[in-house]
Amino acid sequence: MSFSGDIKEELSKPSSAGRHCRLAETAAILSLCGKIIITENDRYCVKIQTENLPVARKYFTLLRKAFNIKAEVSVRKNREVYSCSVVVRRDREARRLLMETCLMDADGNVGECMSLIHNRLLGQNCCRRAFIRGAFLAAGSVSDPEKSYHFEIVCASEEKAVQLKELLSGYQIDARIVLRKRHYVVYVKEGSQIVALLGLMGAHVSLLQLENVRIVKEMRNSVNRKVNCETANLNKTVSAAVRQVEDIRYIESRRGLHELSEGLEETARLRLEHPDASLKELGDMMSPKVGKSGVNHRLRKLSLMAEQLRKGEEE
């Protein structure tokens with residue numbers, strides 16, 4: 001099962017939420033993957049269809065506990081993919097379901113209040129969290145954290161996407177909206193914010209799994225950065241030492257090291273004898289000892305001398 005599937009399986013388990021939260025969660029599921037069917041006799045039927053069985057199970061449970069409605073459930077299999085439908089066929093039950101989830105007004109007009117302020121289902125913090133949970137169950141997914149951090153909920157309309165974005169921003173979640181194949185996708189790509197989202201929805205087991213992955217990845221990245229830095233410094237040191245040895249040998253072949261000052265001759269001979277030694281190690285070998293900056297100064301003078309000899313030879 002995918003990481004998204006694990007999260008939905010966890011969220012589908014029974015919770016001790018109050019009826020007001022169940023109403024909000026049901027409203028979100030209906031809003032994002034529900035379908036309202038009106039017959040020629042002006043009779044209503046409400047249906048959701050999903051390929052995720054835990055989502056269908058959760059919706060069925062919500063209908064039974066919050067509305068005392070026993071819906072019809074059917075499961076089909078097509079090429080190893082299951083499709084599950086949960087249908088409320090009785091007109092009276094379907095109307096009551098739509099009215100209590102604020103998807104139908106008293107006059108029988110179907111519509112949804114997108115305002116966070118005026119939607120009575122979203123008045124309490126717990127209900128807003130339940131609404132986000134329902135939206136994720138209906139149309140959300142999370143990528144495998146081993147590969148990348150990506151949370152998204154797919155919406156059929158821009159208004160619904162904006163509503164979800166505003167809901168998430170109330171919890172300091174920086175969600176964004178992108179248009180993808182005529183659907184509006186609300187997404188989050190920051191690992192720490194996805195962790196916060198899982199906490200908001202109540203997926204605490206999945207939250208811990210994601211945190212474990214994040215910790216391992218951060219440690220791995222930190223080690224890689226240090227190794228890369230040390231490798232780069234080592235390469236830089238080796239390249240500098242090779243260049244210094246070449247310069248000293250050039251001076252030796254053109255002028256001779258014995259004509260150098262005592263300090264430069266000592267530095268040159270030690271570098272030839274110890275090409276892999278660091279500046280500090282070279283300084284410790286000298287008598288008297290010389291600091292890193294002093295050794296570096298002498299080697300730079302030797303390099304400058306070699307450069308001048310090469311220029312004079314070219315002229």
Please say whether more than 12 non-hydrogen atoms of neighbouring residues, nucleotides or ligands are located less than 6.0 Å from CG in Asn68.
no

Ignoring hydrogens and angles, tell me if any N or O in the side chain of Ser222 forms a donor-acceptor pair with the backbone of Met219 under 3.5 Å.
no

Can you tell me if NZ on Lys217 sees more than 12 non-hydrogen neighbours from other groups inside 6.0 Å?
yes

Salt bridge or not between Lys165 and Glu158? Use side-chain N to carboxylate O under 4.0 Å.
no

Considering only heavy atoms from C-beta outward, does the side chain of Cys33 approach that of Gln49 to under 4.5 Å?
no

Under a plain distance cut-off of 3.5 Å, with no hydrogens placed, do Glu112 and Ser31 share a side-chain donor-acceptor pair?
yes

Going by an N to O cut-off under 4.0 Å, is there a salt bridge joining Glu246 and Arg249?
no

If you group Ile, Leu, Val, Met, Phe, Trp and Tyr by side-chain heavy-atom gaps below 4.5 Å, do Ile215 and Val213 land in one group?
no

Distance col, row Met201:CE vs Lys8:NZ, nearest 0.5 angstrom, shows 9.5 Å

Ile173 to Ala196 - nearest heavy-atom pair and separation
CD1-CB, 3.9 Å

Are Arg214 and Glu218 ion-paired here, with the side-chain N under 4.0 Å from a carboxylate O?
yes

Between Tyr171 and Asn125, a side-chain donor and acceptor under 3.5 Å
yes

Any donor-acceptor N or O pair under 3.5 Å, side chains Ser83, Glu51:
no

Using a strict 4.0 Å threshold on nitrogen-to-oxygen distance, state whether Glu152 and Arg180 make a salt bridge.
yes

Taking NE2 in His274 as the centre, count heavy atoms belonging to other residues, nucleotides or ligands within less than 6.0 Å. Is the count above 12?
yes

Using a cut-off of 6.0 Å, state whether more than 12 heavy atoms not belonging to Arg90 lie near its atom CZ.
no

So, does Arg89 use its side chain to make a donor-acceptor pair with the main chain of Cys45 at under 3.5 Å?
no

Flag the pair Glu265 and Arg269 as a salt bridge only when some basic side-chain nitrogen lies within less than 4.0 angstrom of an acidic carboxylate oxygen.
yes

Inspect the contact between Lys280 and Asp284 and indicate whether a charged nitrogen and a carboxylate oxygen are less than 4.0 angstrom apart.
yes

Between Ser206 and Asp6, do the side chains contain a donor N or O and an acceptor N or O under 3.5 Å apart?
no

Evaluate the side-chain proximity of Ile69 to Arg64: yes if any heavy-atom separation is below 4.5 Å, no if none is.
no

Have Lys311 and Gln308 got a donor and an acceptor in their side chains that come within less than 3.5 Å?
no

Measure from NZ or CZ of Lys70 to the centre of the six-membered ring of Phe60 and say whether it is under 6.0 Å with the direction within 45° of the ring axis.
no

Return yes if a side-chain donor-acceptor contact under 3.5 Å exists between Ser12 and Arg57, otherwise no.
yes

